[in-house]
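Report on one structure; see the data block that follows.
Everything quoted here is computed from the prediction, not taken from an experiment.
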Amino acid sequence: GGRGLAAPESTLASRPPRARSVNAMAAIGSKRKRFLGDGNDAMQVTSLVKSPLALPGCDPADYGERYFDRVNPSPASMFSSRLAVQTDASGERCVAFVASSGGLWRHDVSFAGGTDVREGKEAMLKPTEVTDGRTARVARVAHRSEVQSLAMYDPRGVGDLDGAGDVRVASVDSHGRCTISFIKRDGSDCDASADDASKEGRMIDLRPWRPPIGSSSSSSPSAWFVPGWAGAAFDKTDPDSVAIARHFAKTLDVFDVGADPRRPTRTMHTLLCPHSVKWVDRTGVDLRAADAGGDRTRDDKTPGMLAVAEGNQLALYDPRVRERGGCARRMTLCNRGQPLYAAACGVSQGNAGGGAVALPNLRVGEPLVAAAGAERCVHVLNADRWSVVKRWPAAIKFEITLLELSAASPDHCYLAGLDYEMVCGCWSRGALAGGFALRGDSRWLGMARADGAGGSFNAQGSNPGGGGPGVDIVAGYAESGNLFAARVARIAAAERVGYEKVGRILPGRVAGDDNREGRE
């Protein structure tokens, strides 16, 4: 019993073993996948392909045999997204636009070779490598500096698969110069030169804001162009409205390309350095009174607002407001030193959004704004009420740099970070909950989503809030130069296979869901 004496062996044997602390985070695996909530719809991958892009490389005759015709793309910024996906009405192909250095390429790959989707270690989906992809250079796009972001307006998107017209692709370089290209859906005009496209009105060049000559910020010519990240965004209800954000310059330019593309209609200065810019989705405004059913409004000209992830704050900017520099609302979502890198916008489907969860302050047709960043937490806000609807902490292992909301199931989102994983999870339940995970072969340079429909794989989900056609086409652009494309179908709760049914994760009764009994 004296000090410094060892305890008897009988005492040591009676003590319970000390629990060992586990510092390593387990990968998203089968244990989190096969347990779902009551009535929770599942996101099933019906095809997953890996297609290499034929980017131009060095000539082996000049640089040696170690260099071949295909090289890896340029790195760009950590939170850049240089990928845009085109809506395919048949759902049989993935048409993607990727950027590397100062150029733009169009890649077309079929989903026919990746229908055999299998699971690997820790329930990670294994893609099928195909070689039937076709890559074409968009000759008219030639930036003098590295392209940082891509944005697309597709008239056949937003759940309207009968829209006519060409797609608009906006590419922004590190100096803020934006080029809008009108490209045919079949890509037959990719070889058109910049001069020919400009004469025909199929290419628009937007110049960013510059400090006035003689001001304190323009004392030196180098202050006019601060290279760094720059992003662009199209307004879904008014494609002529284009917003361009610049990181180090802390500017937000709004252009009306239909009226005067030579100068911005409004220039707003952000408080912190922006990392992502999106137009708030107003395509579901007519669904609020009905609370269910109806079609999405495509011709609504409600003035849009811009959601900007700047620093650790999420801000809403209204180009019509003069007070406070156009900033209508602002909210701090993360601690200092943990910025928000990605933002996404969508439309709520209420209780029928796929998660079967009754969330307060959220009704059908209300606009959603999601943001994520270094804190690895997904914050989902109601843009009208400007309140946090739900937070999904520790969604993935590393910092979140890419984020997309699903249109087929708005309660699900697609995430990617600094590692090789891409995750689809249910933010309304704060878990994987019917989603999936896949792993690429290198760091992600971009992620994009589009609508897809048609064929026997199209499983229509319960989406009365004006979501997509029940099928998402999501693609990831890897640093190795490979494109990973997945066709994801929303499967009703009664039709899912391989999942165990558990109780509700969140309390509350699902109200106004007429299709619940049929799904269960």
Euclidean distance, I473 CD1 relative to C94 SG, rounded to 0.5 Å: 6.0 Å
Side-chain donor/acceptor of E421 to backbone N/O of A437, under 3.5 Å: no
Residue pairs passing the ring-ring contact (aromatic ring centres under 6.0 Å, His included) test where at least one lies in residues 315-353, sequence neighbours excluded: F79-Y341, H275-Y341
Of F255, Y153, F234, the residue whose pairing with I180 passes side-chain contact (heavy atoms from CB on, under 4.5 Å): F234
Sequence-distant partners of D419, salt bridge (Lys or Arg N to Asp or Glu O under 4.0 Å), two or more places apart: none
Minimum heavy-atom distance between I396 and G417, given as atom pair plus value: CD1-N, 3.9 Å
Pair R144-D173, side-chain contact (heavy atoms from CB on, under 4.5 Å): steps then yes or no: CA-CA 8 Å; R144 295 183 179 179; D173 59 19; 5.6 Å; no
Under the side-chain hydrogen bond (donor to acceptor under 3.5 Å, both in side chains) test, residues paired with E404 that sit two or more places apart: none
Residue pair M305 / L316: nearest heavy atoms and the distance that separates them: CE-CB, 4.0 Å
Closest contact, heavy atoms only, R487 versus V471: CG-CG1, 3.8 Å
Non-neighbouring partners of E399 that pass salt bridge (Lys or Arg N to Asp or Glu O under 4.0 Å), sequence neighbours left out: none
For A343 against S276, the heavy-atom pair lying closest together: N-OG, 3.4 Å
Note, M422 side chain near L438 side chain (heavy atom, < 4.5 Å): yes
Nearest atoms (heavy-atom pairs only) where W386 meets R329: CB-NH1, 3.1 Å
Test: D41 and R490 ion pair at under 4.0 Å: yes
Of D240, D154, D235, the residue whose pairing with R168 passes salt bridge (charged side-chain N to carboxylate O under 4.0 Å, His left out): D240
Basic-acidic side-chain contact under 4.0 Å: K236, D238: no
Side-chain heavy atoms of V347 within contact of Q349, under 4.5 Å: no
side-chain contact (heavy atoms from CB on, under 4.5 Å) between V169 and S171, intermediate numbers included: CA-CA 7 Å; V169 181; S171 57; 5.5 Å; no
Selection residues 353-379 - residue pairs positive for ring-ring contact (aromatic ring centres under 6.0 Å, His included), sequence neighbours left out: none
Criterion side-chain contact (heavy atoms from CB on, under 4.5 Å) on V98 and H107, from CA distance to verdict: CA-CA 8 Å; V98 300; H107 189 73; 5.6 Å; no
Residues that S387 engages under side chain to side chain contact (heavy atoms under 4.5 Å, CB included), provided they are two or more places apart: N361, N382, R385
Residues in side-chain hydrogen bond (donor to acceptor under 3.5 Å, both in side chains) contact with R106, at least two apart in sequence or another chain: none
Residues V141, F97; criterion side-chain contact (heavy atoms from CB on, under 4.5 Å); working and verdict: CA-CA 12 Å; V141 179; F97 290 86; over 6 Å; no
Gap between atom CE of M268 and atom CG of D253 - 0.5 Å precision: 8.5 Å
Residues K184, D189: salt bridge by 4.0 Å N-O rule: no
E146: partners by side-chain hydrogen bond (donor to acceptor under 3.5 Å, both in side chains), with sequence neighbours left out: S74
NZ on K390 to CG on L368, rounded to 0.5 Å: 14.0 Å
Rounded distance [0.5 Å steps], CG in L402 versus CG in L83: 9.0 Å
Note, P264 side chain near V254 side chain (heavy atom, < 4.5 Å): no
Straight-line distance of L445 CG to L483 CG, nearest 0.5 Å: 11.0 Å
Within-4.5 Å side-chain heavy-atom neighbours: D411 and M43: no
Set of residues satisfying side chain to side chain contact (heavy atoms under 4.5 Å, CB included) with respect to A245, sequence neighbours excluded: W229, L252, P274, V277
CZ on F484 to OH on Y477, rounded to 0.5 Å: 12.5 Å
A370: partners by side chain to side chain contact (heavy atoms under 4.5 Å, CB included), with sequence neighbours left out: V380, L403, L405
Shortest non-hydrogen contact between G346 and D281, atoms and distance: O-CB, 3.7 Å
Residues that S80 engages under side-chain hydrogen bond (donor to acceptor under 3.5 Å, both in side chains), provided they are two or more places apart: Q148
Partner residues of R391 under the salt bridge (Lys or Arg N to Asp or Glu O under 4.0 Å) criterion, sequence neighbours left out: none
